[in-house]
Amino acid sequence: MGSTACYNCLRFLVVTVSLLVVIAALCMVTGITWVVVNTQAGQGSYTDMLVMLVGGGTVVLIASLGCCGALTQARWMVAIFCISLMAMLVGQVMLVVMLAFQHLDYEFFLGETIRSIMLTSYHPDNTAITTIWDNIQQGLSCCGS
């Protein structure tokens, strides 16, 4: 009796958390798609947005597998969900270790991204980007603020 209640509670938690993740990822994918569609051609690189779209779609797929697997009690769905979560966890740990021991030169990528944003999007017509960068510069007391 106790193990059944625990199992049902665990199923409820997996379904609830997976649904919340699916909703959040769908909002992200929808927002990025809207930005891609409404951005003028030639106004920058779509690479970052496409990577986020693929990542968001992957998260939606994995969370949907977890939610559907817990609802229908399909072991294969739950197994794929667990394996995917473990693979993502291992990947994130590897990324943190590589960043901590400076095997990845993130400063180059960060610098190039900031430089690209400043050259293409930092102008009076784009008030959102201009305001964000002005606030960052004032907060850091740098860059001619």
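Atom set for the values below is all heavy atoms of this structure, side chains included, hydrogens, waters and symmetry mates excluded.
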Can you sort out the partners of Leu19 under side-chain contact (heavy atoms from CB on, under 4.5 Å), two or more places apart, ordered by chain and number?
->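 Leu19 satisfies side-chain contact (heavy atoms from CB on, under 4.5 Å) with Val15, Cys67 once adjacent residues are dropped.
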
Between CG on residue Leu10 and SG on residue Cys6, distance to nearest 0.5 Å |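 One finds 6.5 Å between CG of Leu10 and SG of Cys6.
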
Quick one: pull up SG in Cys82 and CG in Leu89 and give me the separation to the nearest 0.5 Å.
->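 Taking SG in Cys82 and CG in Leu89, the distance rounds to 12.0 Å.
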
List, by chain and then residue number, the residues other than Leu20 in its hydrophobic cluster (Ile/Leu/Val/Met/Phe/Trp/Tyr, side-chain heavy atoms under 4.5 Å); write none if there are no others.
->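 The other cluster members (ILVMFWY side chains, heavy atoms under 4.5 Å, direct or chained): none.
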
Who else is in the cluster with Val90 when I, L, V, M, F, W and Y are joined by side-chain contacts under 4.5 Å?
->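 Direct or chained contacts put Val90 with Met94.
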
With the 4.5 Å side-chain cut-off for hydrophobic clustering, are Trp34 and Ile32 part of the same group?
->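 In one cluster: yes.
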
Is Met52 reachable from Leu50 through a run of I, L, V, M, F, W or Y residues, each pair having side-chain heavy atoms under 4.5 Å apart?
->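 Cluster IDs for Leu50 and Met52 match.
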
N/O donor to acceptor pairs below 3.5 angstrom from side-chain atoms of residues 53-66, sequence neighbours left out:
| unit_1 | atom_1 | unit_2 | atom_2 | d |
| --- | --- | --- | --- | --- |
| Thr58 | OG1 | Val54 | O | 2.8 |
| Ser64 | OG | Val60 | O | 2.7 |

Could you list the donor-acceptor pairs under 3.5 angstrom formed between side-chain atoms of residues 68-80 and any protein atom two or more places apart in sequence or on another chain?
| unit_1 | atom_1 | unit_2 | atom_2 | d |
| --- | --- | --- | --- | --- |
| Thr72 | OG1 | Cys68 | O | 2.7 |

Which heavy atom in Thr33 sits nearest to a heavy atom in Val29, and how many Å separate them?
->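 Smallest interatomic distance, heavy atoms only, reads OG1-O, 2.7 Å.
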
Any salt bridge (charged side-chain N to carboxylate O under 4.0 Å, His left out) involving residues 115-124? Give me the pairs, sequence neighbours left out, ordered by first then second residue.
->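 Those involving residues 115-124 are Glu112-Arg115.
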
